[in-house]
Structures are given as structure tokens and as C-alpha cells.
Amino acid sequence: MAKNSFKTLISQKHKTFPADLNMYGMKCKSQLLEDQENVTLIINRRNSIRQKPKSWAWTLLRCRWQKKLVLLLIFICVCVLIVFANTHLLVRGNILSAFLSSRLNKHSHAEKQEARYPDIPATTPSVPPVLRPTHYLLNYSSTQLELSSHLNGLSSDYNIFVIYTRENYHLNLKFDLFAHSLLKHTSAQLHLHVITDSESQPSVLEILQRQIRRFRRTVIYTIYDVKVCSSIIQDIAAKLSPYFSSTPNSYYSDSLFFLSLGLHRIADRSLNRAILLDCDIVFRSDVRLLFNEFDNFLPHQLYGLAPELTPVYRHILYRYRVRYPKTSFGNPYYPINNEGGNQHSRVHHGYPGLNSGVVLLLLNRIRNSKSYLEKLTHSEVHTLVAKYSFKGHLGDQDFFTLLGYEYPNLIYRLDCIWNRQLCTWWKDHGYSQIFDAYFRCEGNIKMYHGNCNTRIPE
């Protein structure tokens, strides 16, 4: 009985076990696969972490002596920075000059080689611009007569240079009044040199012809291309504009606002005496009297300029005047009426700066003056500007102001009656109490300067 029951039990188990056994095997197999995948992922992650590419710093610092060397170099650099930060500016300059001496020596050697062998062409030769001015004879009784590139024997002792570019309505009115007053007060044979562009040239010619017919004069008229003139003095403008213009694209950053400093390159070699005038100048006397001022130049004087009649340089020299409160630089200049006409008897109470609206030039002296040409170098200009903590914005006028104070023997002091400025802008911008001391100009005014678009008195 028991035997039969045991067989029955086994048979019942065999009936159901094969199906359960297959299901159990599939579950075990899937679980084993999942475990194997997890193990594989863990191993791959560990391998990826271990097998990161070694950086150059890691390979460099594998050895102990390499680590010590790097730490020593870092320590030395920190020490050098600490010493450099606590040294005087002069010592820093000496340190830097020691590093730059080899480079400077190379440049100086190259310059010596160029001076020793001037006939050897440069590697990148620059073609200098060719200035070809056009000359005309303007006569009241006939049309203009072109004199080609030569004056055919015509000459004048009264050479006046004017810049007329970027024509507009106000500039046209100013130049018309300029030509009117110039020809009205003189009967001299004038040679008018106009630096202009192709768009403005017809207006200049039309104004001159109208005024010449009105006053029945004869004028030699020479036209200069403004682009060529700008390129001729570009090197001078490049050295000065960083110090004497407010922004790179400002009104006074144009190279033409440094023209007076390079006019000796543009004017013909036969010219000696010349006067550069702004278009907003109005004459009240004969221009020949202004040319007579050349006779008062001392042998070493190159330019002639009148004083500035506003406190603009008192404003610019603020930092310098704080350090040197007793300086005369930036103080007003009081002209004293001199009946005898001798300039040396006038008293100069201060140096307010110079105004470049009227500039007298002895061209031959400027061409032959080595000391002046040296003062136009970048190093000299930088030294001069740094000495007075100067940051100007008026072009050549700023340079003349510094030059006249540092080297007063180079500039002839023209009386303010030859450049009576009318601008009152600074009176309304913080200097109302002292403005009249600068604006004062005694004497019979011979030329008005309508700067700041100021109306000329009748």
C-alpha cells in the first residue's frame, strides 16, 4: 500500500515538474545575464576611470626632483613679482632697459648701416607722394590764366596759405568774408596758396574771382591737393595726434591740423616767408603790416604766434599747476598798450599758451633747423608731454604752446591785436570769474579771429 502511494506521488511530481523546471531555468538564466551585464558595466567604468589620458603636468611631475624644480621656479617667480612691485619706477625702467638693450642695439646697428650705405635700397621702399600744385593768375579784367606748373616769372613777397576743405555753408561764408576783408585793405600783389579738395575747389575759385573783380585786384592763386599734403606730413601727425587730439576720429585728429608743423615740406623751396591763416580770420588793416613783423624776428626764431585769449590751457594744465602752484604756465597774459610800438617794452605777466589761427613761418630756417626737427621726434614729444602732464585736443596749437614754454627762443611773440580771438565758450563753462583777465586785449585791433563760430564785430 505504501509502495503504491509512493509511486503515485512520484508520478504526480513527474507530471508537473518538467514544466516548472523549464520556467525556473529561464528565470535563472535571465538573472545570470543581468548580473553579467552589471559586472561588465562596473568593470568598464573602472577601466575608463583608470585609463584617462595623462596630462603633461602629470608626466612632468612623476619624479621627485622634477616636482622640486617646478616648486623652486614658482617660488622664484613670486619673489621677482614681489620685488618688482615694491621698486621705484626708475628702477623698473632700468630693469626693462636691460632686457630691451639687445633689441635696441639691433635697431641702432641697422640705422648705422643705413646711414653708412645710403645707396642700398630698402627691402620695402615706399614711394613718396608727388605734389603738383596748379598755379593761376586771377585778374579782374579777364578770366583766369593757368600758369601750368611754373609761375612764368611771376612772384610775390606776400605768400598766404589757407586750408579750405569739406565745404559747407558756414565755411563758404567765412572764406568769402576772409577774401573780402583781405583784398579790401591791401593793394599788394598777393600769392594765395589754398589747400583744398576737388569738391571745394570750384567754390574757392568763384569766391576769389568775385572779390577780385569787386576790388579790381590781381592775385596769384595756387591750388594744392589736400590728400597729397596730408600724406606728406602724415609721419608728423602720427607722432603728435596721440597727445594732441581728444579721440582718434575727432575734429582735431586730422593730419591737416598739424599742417603748420610740416608746411616747410609742402611750400616751394623758393619761398621763405609765409603766413598760415584760418578761414575765420577777418582783416581790419593791410596784410603787409603783418608781414613786416618778420623783420622783428631774432636770428633763432622760427615761428610767430599770438597768445591764447581763453583759459583753455589753465584747464588742461590742472595737474601740473597743482604740483607747481607758482608757475606762470597757464596764467593770463596782459597786453600793455605801447605807443612806441616796441615789443620788447611790453610786460608779460603770464603764459596762457599760443593760438595757431595766425602763424608766421620762416620756412628756410625751419628747413635748416636741426634742433627743431629733433623736437618733432616721438621721444622728445613724449618727454615734453610727460613733463607737464599735458593732454591736449587742439592739434598743432598744443604743440606750439608746449614748445613756446619749454623753448621760448624758437617762437616770436606776436601781439594779440593780430589775432583777436572772440570765442567765449570757457566763460560759460566754469571760468566766468577769471575769463576777462584772459580775454583782455588792448590796442587797435588789426585782425579778428571768429573762432567758435563767433560773429565778427562790424
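Atom CZ of R288 sits in a crowded spot, with more than 12 heavy atoms from other residues, nucleotides or ligands closer than 6.0 Å.
Applying the side chain to side chain contact (heavy atoms under 4.5 Å, CB included) criterion to S200, with sequence neighbours excluded, gives Y164, E167, T196, D197. Considering only residues two or more places apart in sequence or on other chains, Y405 meets the ring-ring contact (aromatic ring centres under 6.0 Å, His included) condition with F329, Y351, Y388. Not counting sequence neighbours, the partners of R273 by the salt bridge (Lys or Arg N to Asp or Glu O under 4.0 Å) test are D295. Taking the salt bridge (Lys or Arg N to Asp or Glu O under 4.0 Å) definition, one finds that R455 meets it with E458, sequence neighbours left out. In this view, D157 satisfies the salt bridge (Lys or Arg N to Asp or Glu O under 4.0 Å) rule with no residue, not counting sequence neighbours.
Contact record, E308 with Q397: OE1-NE2, 3.1 Å, taken as the closest heavy-atom pair. Across all their heavy atoms, L131 and C229 have their closest contact at CD1-SG, 4.1 Å.
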Exercise. Check the pair H393 / F244 against ring pair (Phe, Tyr, Trp, His ring centres under 6.0 Å), numbers first and verdict last.
Key: CA-CA 5 Å; H393 59 279; F244 306 128; over 10 Å; no
Quiz item: Can you check side-chain hydrogen bond (donor to acceptor under 3.5 Å, both in side chains) on N139 and R216, steps first, answer last?
Solution: CA-CA 8 Å; N139 196 314; R216 303 176 67 84; over 6 Å; no
Quiz prompt | H185/F283 under ring pair (Phe, Tyr, Trp, His ring centres under 6.0 Å): CA gap, chis, key distance, verdict | solution = CA-CA 7 Å; H185 292 93; F283 290 84; 7.7 Å; no
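Between the side chain of R217 and the backbone N or O of F215, at least one donor-acceptor pair lies under 3.5 Å. D225 places a side-chain N or O within donor-acceptor distance of the main-chain N or O of K227, the cut-off being under 3.5 Å.
A donor atom on one side chain and an acceptor atom on the other are found under 3.5 Å apart for Y303 and Y372.
Of the charged side-chain nitrogens involved, at least one lies within less than 4.0 Å of a carboxylate oxygen, so that D235 and R265 count as a salt-bridged pair. Between K387 and E406 there is a salt bridge, since at least one side-chain N of the basic residue sits less than 4.0 Å from a carboxylate O of the acidic one. Looking at E206 and R210, a side-chain N of the basic residue comes within less than 4.0 Å of a carboxylate O on the acidic one, giving a salt bridge.
Taking the six-membered ring for Trp, F435 and Y438 have ring centres at least 6.0 Å apart. If you look at H191 and Y158, their ring centroids are not closer than 6.0 Å.
For R132 and Y224, the positive end is not near the middle of the six-membered ring at less than 6.0 Å and at most 45° from its axis.
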Side chains of residues 424-431: which donor-acceptor partners sit under 3.5 Å, not counting sequence neighbours?
residue	atom	partner	partner atom	Å
H429	ND1	W425	O	2.6
Y431	OH	H315	ND1	2.9

